[in-house]
Amino acid sequence: MAVLGFLLILTGCTGIHSVTTVSEMSVKAGETISIPCLYESEYINNVKYLCQGYSWVSCSHAVRTDNPNTERFSVSDDKIQRVFTVTIKGLTDQDTDYWCNVEKKGTDEGKWFHMTVTRGIPNLHVDHQEIVAFNGENITINCYYRNHGDMKWCRLGHSCVEGSFGLIDEAKVTIDTRVANVFTVTMSGLTMENSGWYWCAKGNLQMPVHVKVTEKPTTVTSNSCLTTLSPIPDSVELQSDILSYVIPLCLLVVAVMVAFLIWLLLKRHRSSDTTRAEKEVNSTIAKSRRISRQRTNAEMESDAGVVYTTVTTAKPPTLPRVHFMTFKPSLRQSLTFLLKLHLHKTLARHDLACSQSKNTQVDTDPSFKL
């Protein structure tokens with residue numbers, strides 16, 4: 001341990017404070033963690049790397065900016081903010097000691113940090129490590145803790161707020177501790193200069209949080225898409241206001257047209273139903289008439305063998321009275337014979353006349369039915 005302490009002192013003498021990062025974190029096994037490492041402006045173009053191990057001398061390179069991605073590690077370098085960020089995935093019990101290093105001639109610069117990997121809830125954690133905010137708006141960060149010690153909200157490489165109120169780069173900071181085991185940090189009046197890395201601090205633990213502040217987008221609704229634009233002139237804003245009235249009006253017109261088409265379809269459907277009903281009624285009437293006609297014809301055919309005649313009773317002709325007693329017997333016999341003959345002829349003519357009259361009545365009588 002004495003040798004290790006000597007090595008740490010040696011690294012401190014060789015410019016270890018040229019790199020700044022968190023010192024102690026509590027993390028959960030299996031999850032992902034990102035750690036920011038701030039460096040001096042003179043190292044902007046140098047290679048940065050994450051070194052795994054407790055000893056500065058024996059640590060092994062996990063990832064480098066000239067080879068920024070491996071299976072579990074990645075690194076990115078923001079040369080404007082002068083921060084390189086290392087990300088470790090799938091944390092295990094072996095992920096305890098690391099170094100944020102900058103490669104340079106002679107002895108490299110670096111800063112050590114330690115992580116306690118737990119299977120349960122970490123002693124200090126946040127909901128999200130990445131927060132995006134708009135210029136002029138506010139953000140709220142909940143820092144959950146299970147340990148003891150002072151509470152702070154700090155910006156990497158800048159000042160900290162330790163009480164209930166304070167300022168960091170002109171942004172107002174309030175810390176609310178009314179809820180047990182959580183302190184809530186609110187930053188209001190954000191500007192673009194407030195973008196960067198911060199951390200919650202409770203006792204000896206820290207948890208990094210990255211805040212990104214961007215311009216609030218202005219949206220213009222068109223017929224086909226939603227376009228995000230930068231601040232626009234008043235004339236374009238006026239066009240946007242007009243569109244906000246025109247589009248609902250167009251939607252109303254479309255709704256009226258759809259309702260009118262539905263009404264036409266319903267009307268046509270009802271008309272077709274009425275026509276179909278009329279056809280069915282007419283068909284029923286025609287069928288009834290056809291059946292009636294067939295029945296009449298059948299009755300007429302059944303009565304075809306019947307002959308209707310009109311019989312009139314003919315009054316027998318009146319014969320003059322002849323007093324037979326006035327004649328002699330021979331004359332009386334002759335007259336009797338002649339009268340019988342005459343009567344016989346008269347009856348024959350009468351039968352013939354009746355027969356002819358009957359045939360004529362059958363042919364001409366309108367009341368006769370076949």
Side-chain angles (χ1 to χ4, degrees), residues 17-28 31-41 76-87 100 111 113-116 121-218 231:
H17 297 295
S18 297
V19 179
T20 305
T21 187
V22 294
S23 59
E24 186 80 20
M25 289 176 289
S26 178
V27 295
K28 187 175 182 179
E31 295 190 345
T32 299
I33 187 71
S34 294
I35 302 97
C37 304
L38 178 69
Y39 56 86
E40 298 293 337
S41 57
S76 62
D77 188 6
D78 185 350
K79 295 183 179 181
I80 297 176
Q81 294 280 344
R82 293 184 291 106
V83 174
F84 70 95
T85 303
V86 294
T87 300
C100 288
K111 178 68 183 292
F113 65 88
H114 179 263
M115 293 188 296
T116 301
I121 300 174
N123 288 332
L124 180 64
H125 66 281
V126 294
D127 295 318
H128 305 284
Q129 274 197 281
E130 183 75 25
I131 298 176
V132 178
F134 293 127
N135 190 17
E137 295 188 348
N138 306 334
I139 60 170
T140 299
I141 303 98
N142 292 321
C143 302
Y144 304 92
Y145 62 88
R146 302 177 66 186
N147 61 332
H148 301 282
D150 295 334
M151 292 176 290
K152 295 188 292 184
W153 176 254
C154 303
R155 181 170 183 178
L156 182 63
H158 294 71
S159 61
C160 296
V161 174
E162 299 186 24
S164 298
F165 303 96
L167 292 174
I168 296 180
D169 295 333
E170 305 303 323
K172 183 179 178 180
V173 178
T174 59
I175 299 177
D176 186 355
T177 60
R178 290 175 294 179
V179 180
N181 297 324
V182 57
F183 65 93
T184 302
V185 179
T186 301
M187 296 184 68
S188 56
L190 293 172
T191 64
M192 303 291 289
E193 287 73 21
N194 296 124
S195 294
W197 279 97
Y198 297 78
W199 69 70
C200 296
K202 177 66 175 176
N204 65 330
L205 295 177
Q206 303 94 38
M207 175 53 62
V209 177
H210 184 249
V211 177
K212 182 179 181 181
V213 182
T214 62
E215 290 290 346
K216 187 174 183 179
T218 303

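- We find the OH-SG distance between Tyr198 and Cys154 to be 11.0 Å, quoted to the nearest 0.5 Å.
- Taking the six-membered ring for Trp and thresholds of 30 and 60 degrees, His125 and Tyr144 have nearly parallel ring planes, at less than 30 degrees apart.
- Minimum heavy-atom separation, Ile139 to Ala133: CG2-CB, 3.2 Å.
- We find the CG-OH distance between Asp77 and Tyr39 to be 3.5 Å, quoted to the nearest 0.5 Å.
- Here the side chain of Gln206 pairs a donor or acceptor atom with the backbone of Glu24 at under 3.5 angstrom.
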- [ ] Could you please spell out the steps behind the side chain to side chain contact (heavy atoms under 4.5 Å, CB included) verdict for Asp176 and Thr186?
- [x] CA-CA 8 Å; Asp176 186 355; Thr186 301; over 6 Å; no

Task: Step-by-step side chain to side chain contact (heavy atoms under 4.5 Å, CB included) determination, Phe84 to Asp78 - done: CA-CA 6 Å; Phe84 70 95; Asp78 185 350; over 6 Å; no

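- Side-chain N or O atoms of Gln129 include one that pairs as donor or acceptor with a backbone N or O of Pro208 at under 3.5 Å.
- Residues Val19 and Cys100 share a closest heavy-atom pair of CG1-O, 3.7 Å.
- To the nearest 0.5 Å, atoms CZ (Arg155) and CH2 (Trp197) are separated by 12.5 Å.
- In this structure, the separation between CG on Leu167 and NZ on Lys172 is 8.5 Å, given to the nearest 0.5 Å.
- For the pair Met192 and Glu215, the minimum side-chain heavy-atom distance is below 4.5 Å.
- Within a 6.0 Å sphere centred on CG of Asp150, heavy atoms belonging to other residues, nucleotides or ligands number 12 at most.
- Counting heavy atoms of neighbouring residues, nucleotides and ligands inside a 6.0 Å radius, atom CD1 of Ile121 does not exceed 12 of them.
- Applying the salt bridge (charged side-chain N to carboxylate O under 4.0 Å, His left out) rule to pairs touching residues 126-145 yields Glu137-Lys216, sequence neighbours excluded.
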Task: Trace of the side chain to side chain contact (heavy atoms under 4.5 Å, CB included) decision for Thr191 with Asn135 - done: CA-CA 5 Å; Thr191 64; Asn135 190 17; 4.1 Å; yes

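- For the side chain to side chain contact (heavy atoms under 4.5 Å, CB included) with Val161, the lone residue among Thr174, Val185, Val173 that qualifies is Val173.
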TODO: Begin from the C-alpha positions of Met187 and Trp153 and carry the test side chain to side chain contact (heavy atoms under 4.5 Å, CB included) through to its verdict.
DONE: CA-CA 10 Å; Met187 296 184 68; Trp153 176 254; 3.5 Å; yes

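- Between the side chains of Ser34 and Thr87, a donor-acceptor pair is found at a separation under 3.5 Å.
- When side chains are defined from C-beta on, His210 does not count as touching Thr85, because their heavy atoms never get closer than 4.5 Å.
- Atom NZ of Lys152 has 12 or fewer heavy atoms from other residues, nucleotides or ligands within 6.0 Å.
- Interatomic distance, Trp199 CH2 to Thr21 OG1, rounded to the nearest 0.5 Å: 7.5 Å.
- When all heavy atoms are compared, the tightest approach of Ile33 to Met207 is CD1-SD, 3.9 Å.
- Heavy atoms only, all atoms of each residue included: Leu38 and Gly157 are closest at CD2-CA, 3.6 Å.
- Contact of the Ser195 side chain with the Val213 side chain is registered, since non-hydrogen atoms from C-beta on lie closer than 4.5 Å.
- You'll find the side chain of Thr184 stays beyond 4.5 Å of the side chain of Val179, heavy atoms only.
- Taking CG of Asn181 as the start and CG of Leu124 as the end, the distance is 11.5 Å to the nearest 0.5 Å.
- Each of Asp169, Val211, Ile168 was compared with Asn194 under the side chain to side chain contact (heavy atoms under 4.5 Å, CB included) criterion, and only Asp169 meets it.
- Between the side chain of Asn138 and the main chain of Leu190, no donor-acceptor pair closer than 3.5 Å is present.
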